[in-house]
There are 4 protein chains.
Amino acid sequence: MCPVVVDRNAKREQIAQAALNAFSKKGYAATSVREIAAVARVGKGTLYEYFRTKADIFLAAVKCWLDQFETRFFSRLEGIDDPAQKLAALALAFVELVDPLDPMDARMSVEVIQQGILEGGVLFHRPHEIREMMAGSQKMVEQILLDGISKGMFTPETARHVGKIAVNLLGYLDGILLHAVVTKRDFDLEDHVAFYINTLIHSISGPSAG
Amino acid sequence: MCPVVVDRNAKREQIAQAALNAFSKKGYAATSVREIAAVARVGKGTLYEYFRTKADIFLAAVKCWLDQFETRFFSRLEGIDDPAQKLAALALAFVELVDPLDPMDARMSVEVIQQGILEGGVLFHRPHEIREMMAGSQKMVEQILLDGISKGMFTPETARHVGKIAVNLLGYLDGILLHAVVTKRDFDLEDHVAFYINTLIHSISGPSAG
Amino acid sequence: MCPVVVDRNAKREQIAQAALNAFSKKGYAATSVREIAAVARVGKGTLYEYFRTKADIFLAAVKCWLDQFETRFFSRLEGIDDPAQKLAALALAFVELVDPLDPMDARMSVEVIQQGILEGGVLFHRPHEIREMMAGSQKMVEQILLDGISKGMFTPETARHVGKIAVNLLGYLDGILLHAVVTKRDFDLEDHVAFYINTLIHSISGPSAG
Amino acid sequence: MCPVVVDRNAKREQIAQAALNAFSKKGYAATSVREIAAVARVGKGTLYEYFRTKADIFLAAVKCWLDQFETRFFSRLEGIDDPAQKLAALALAFVELVDPLDPMDARMSVEVIQQGILEGGVLFHRPHEIREMMAGSQKMVEQILLDGISKGMFTPETARHVGKIAVNLLGYLDGILLHAVVTKRDFDLEDHVAFYINTLIHSISGPSAG
DNA sequence: GATGAATGAGCCTTCATTCAT
DNA sequence: CATGAATGAAGGCTCATTCAT
C-alpha cells in the first residue's frame, strides 16, 4: 500500500562513498566486503542489492572519486582568466588536493592504475573506462594552451605541441605526486611544482612575455 | 657427510626471478605462492626452504628487479660524456626499458608503490627500503647537472636548482611511463620524452647554447 | 530489517558439543576443524562465525564437558545425607560416569591436562582456568568431611587433614580412572574404588563406628 | 676395506634420548622431526636410517624413558628391608623423580597415556606395550605386601587384597602426580603422599603394629 | 527491501618423508 | 653411512557470495 520508497541512487552513492573510504585506505584486495558494509553502515547482504560484485563496488567508488575530484578541481579554477595563471592554478590544485596525512587521492590513483594494468585487475579489461578518466583533464589543459596562443601570450609555435605539452604536464603531475606520497613528502612539493610550471610557461611564452 | 650440494644463493635468485615474473603480471595480492612455485618450477614447499614468507619472496623479487634495472640502465649510459646527451640518454633508457607489450617494469613500480603506500602493504613499514630505492637515481641526475655546469654548458644559476630539477625529472619519467602503460601507449612515448628533455636542456643551457 | 534469526548461543553450544565429541576421540592436535565442522554438520566457515580460532573451540568444548559432568555428578549426590555414604556415592559417580566403551570423560581429562602442561598447549597460559576447574570438587569433598566431623561420625582429628584427604581422594580417582581406561579396564574398577573408600572411611571414623 | 664401524644401537639410543627430551617438552604432535634431528645433532635424513617413522622414534623414546625411570627407581629401593619402609620409599621415589621445574616424567606419562587412549594415537593399537609398561610396578608392590605378610607385619587378611592395594597405590601415585604438575604444585606433594602411605600401612598392619 | 547466517573455494604455511649425492 | 634439498598433502583460516526470512 505504501512501500518504503528509497532513493536507490542515493543509497548506491552512499555505499560507493563508503567503499571509496575503505578502498583508499587498504587497496582493493585488502579491503573486505564486510569492512565496506561496516563503513557504509549497511548489512553485508545489502551491498549485493545494489551491486553485483565487489568489483562493481570498486568501479562505483572510482567514479565517485573522480566526480569529487573534478568538482573540487573546477572550483579552484573558477574566475581565473589569464592562461598562465590558469596553468599554475591547475597544477597547484592537483598538489593541494593531496593531503599528505590522508593521501586518499594518491592512493586511489595508484589503485586505479594497478587494477588497470595488472592481469586480473578489476579494470584490466576496461581500457575504455580508463581512457575516459584521463581524457577530460587533457582536453582542459589543451584548451588553456590554445586560449593563451590566441591571446598572443604563448608563441604560435606552441600550437604544434599542445597535445604533447598537455600529456607531459599531466604525466609529470601524477609522477611527482606519487613520489611525494611514497617518500612521505620529504621534499617541498609545492615548490617543485611551481618550478616546473614556471619553466614550462617561460618556454612557451613569446619574447614579449619576458 | 655428503649431502646434495646446491648453490642456495643461486636457487634463491632463481626463485626470486620467477616470483618477479609472477608478481609483475598479477600483483602481490593476486599472485598465489602456488603460482610462484609453478613458475619457478619447484614444489610449493621448496619456496619455504628459501624464504620465510610470501612477503619475503616479494622483497627478494623487488631487489632482483632493481638490480636488473640498474644493470641495464648503466650499460645504456656508458661512454657518453656530453651532459646534455647524457640526460637525454638517461631519459630514453627509462623509456626503452619499458616494453609496451610486457611492461614488467612499470607494473613492478606500481606494485612497489602500492605496497609501500597502503596500510598493511608488505613494504608499508619499510620506508627505509623505499627511500633507498629512489635515492640512487636522484644522485645520478644531480651529478650530470653539476658536471654540465662545471663544463660551462649549463648556466651557473642551475646549481641552485639541481635537486628540484632531478626530482622533477624522475617524477616526470615515472608519471609519463605510467600514463603510457595505462593507456596502452596511445601516444608516442619517445617523442613526448624527447620534447620534455629538449625543453629542460634548453631552459638550463647558457645563451651560447642557442 | 528482517534477517534470519538464529539463537547464536544455542548454536555455539551445539558446535561446542560436537567439538567435544571430536576432540575426546582424537585429541586436540589430531582433530581438524574440517572434522569438527562435519560432526557439527555445519560448513567449515561457519565455525569461524562462532569462534575465533580452533583453540577457542577447544576451550568451549572443555567448558561444555565440565558443565555436563557437574550436572550429571550432582544429580547422583542428591538426597544422600550420611557423610560416609556421600563419599562413597561421590567416588562411584566418578567411576560410573566413565563409560568403558566410550570413555570420553577420561580422554578429555587427559587432553586438558596435556594442553595445560605442554609448552605451546592451548591451555598452557591459562593456569587460572585449570585451577578453577579443579577447585570445585575439592571444596565439595572437604564439605562432606567437615559435615561428618560435626555429626560425630568422623574423628575430630580428621579436621586437621581435610585438605590432604580431599586432594588425595581426587587424585586417586583420576589416577585409577586413567589406569582403567589405559588398560581397557582389565581390573574391576568399581571394586577397587569401593575398597579404597572403605579403607578411607574406616580410617577417619571414630571407634564407635566399628 | 675399512668401513667406519658405528654402533647402530648406540646411535639409536642417542637419538631416542634426544627425542625423549624433545617429546617431553612439547608432546608428540607439536614436536617436529626437524627439531628431534636438531636436538640429536644429526641430519634429518639420518633419523630415517635408524627409524622407519616418527611414531617409531616416539616408541623408542618411551622405552628409553621407562628404562631410565626403572634404573633410578630401583636404586632408591636398594638396601631397604622393612616392608613398610619399602612401601614408603617406593612412593617417595615416585614423587622425588618428578622435578617440579622440569616435569619431564609427568609429561611423558601424560603423553603416553594420551597416545594410548586416543584414536589415531601412536600407541592406540599397542595395548600390549602399555600393559607391559605397567605390569612391572604392580608386581613389585605386590611382592612387598606379600613379604610383609609373611613377616607378620601385615595382617593375613591383606593377602586377599594385594592386587587391589597395588593397583590402587599406583593409580593414586599417578593421579596425585598429575594434579601436582597441573596445578604447578600448589600443595605439598611429599606431605600428601606420606599421609596416604601412613594410612595405607596402618590399615593393613596387625594390631601389634600400633 | 534488508539482513546476517551459512558456505566452500582457496589462501599461506608446516612437516613427515623420500632420495640423489 | 649421512645428509639436507625437495615435495605435496594437509592444516587453520578468510572471504566473496548466496539465500531464507
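We name chains A, B, ... by the order of the sequence lines, and we start the count at 1 in each one.
- Residues from residues 27-42 of chain C lying near DNA chain E, meaning a heavy-atom separation below 4.0 Å, are C/V42 in numerical order.
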Evaluate the side chain to side chain contact (heavy atoms under 4.5 Å, CB included) criterion for residues B/V42 and B/Y50: first the C-alpha distance (whole Å), next the side-chain angles of each, then the deciding distance (0.1 Å), finally the verdict. CA-CA 11 Å; B/V42 274; B/Y50 293 88; over 6 Å; no
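- Of all the heavy atoms in C/Q115 and C/V122, the pair that sits closest is OE1-N, 2.8 Å.
- Side-chain atoms of C/K44 and base atoms of E/dG10 include a donor and an acceptor less than 3.5 Å apart.
- Shown here, E/dG8 forms a base pair with F/dC15; the pair counts as Watson-Crick or G-U wobble because both key distances fall under 3.5 Å.
- Rounded to whole angstrom, the span from the CG atom of A/L47 across to the P atom of F/dT17 amounts to 11 Å.
- Mapping A/A55 and C/R52 onto DNA chain F via the closest heavy atom, the residue that lands nearer the 5' end is C/R52.
- A salt bridge between D/E49 and D/K11 is absent, with no side-chain N of the basic residue lying under 4.0 Å from a carboxylate O of the acidic one.
- Nucleotide E/dT14 has F/dA9 as its partner under the Watson-Crick or G-U criteria, with both atom distances under 3.5 Å.
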Show, in sequence, the C-alpha distance, side-chain angles and deciding distance for A/I57 and A/F23, and conclude whether the side chain to side chain contact (heavy atoms under 4.5 Å, CB included) test is met. CA-CA 10 Å; A/I57 301 178; A/F23 282 133; 4.2 Å; yes
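- Ring geometry, A/Y28 versus A/F58: the interplanar angle exceeds 60°, so the pair is classed perpendicular (tilted spans 30 to 60°).
- At E/dA5, none of the side-chain N or O atoms of C/T46 fall inside 4.0 Å of OP1 or OP2 (strictly under the cut-off).
- Look at B/Y48 and you'll find a side-chain N or O under 4.0 angstrom from OP1 or OP2 of E/dT13.
- Residues A/S24 and A/M108 share a closest heavy-atom pair of CB-CG, 3.6 Å.
- With rounding to whole Å, B/K11 atom NZ is found 16 Å from F/dG4 atom P.
- Taking atom NZ of residue A/K26 and atom C1' of nucleotide F/dC15, one finds them 12 Å apart after rounding to whole Å.
- Look at F/dT21: its Watson-Crick or wobble partner, with both distances under 3.5 angstrom, is E/dA2.
- Distance B/F51 CZ to F/dT7 C1': 17 Å, rounded to the nearest Å.
- If you take OH of A/Y50 and C1' of E/dA2, they are 8 Å apart, rounded to a whole angstrom.
- At whole-Å resolution of the value, NZ in B/K54 and P in E/dT14 are 15 Å apart.
- Along DNA chain E, the nucleotide nearest D/T53 and the nucleotide nearest D/E49 are compared for position; the residue whose nucleotide lies closer to the 5' end is D/T53.
- Across the protein-nucleic acid pair, C/R12 atom CZ and E/dA6 atom C1' stand 17 Å apart, rounded to whole Å.
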Please lay out, stage by stage, how C/T53 and C/D56 fare under the test side chain to side chain contact (heavy atoms under 4.5 Å, CB included). CA-CA 5 Å; C/T53 62; C/D56 280 353; 3.6 Å; yes
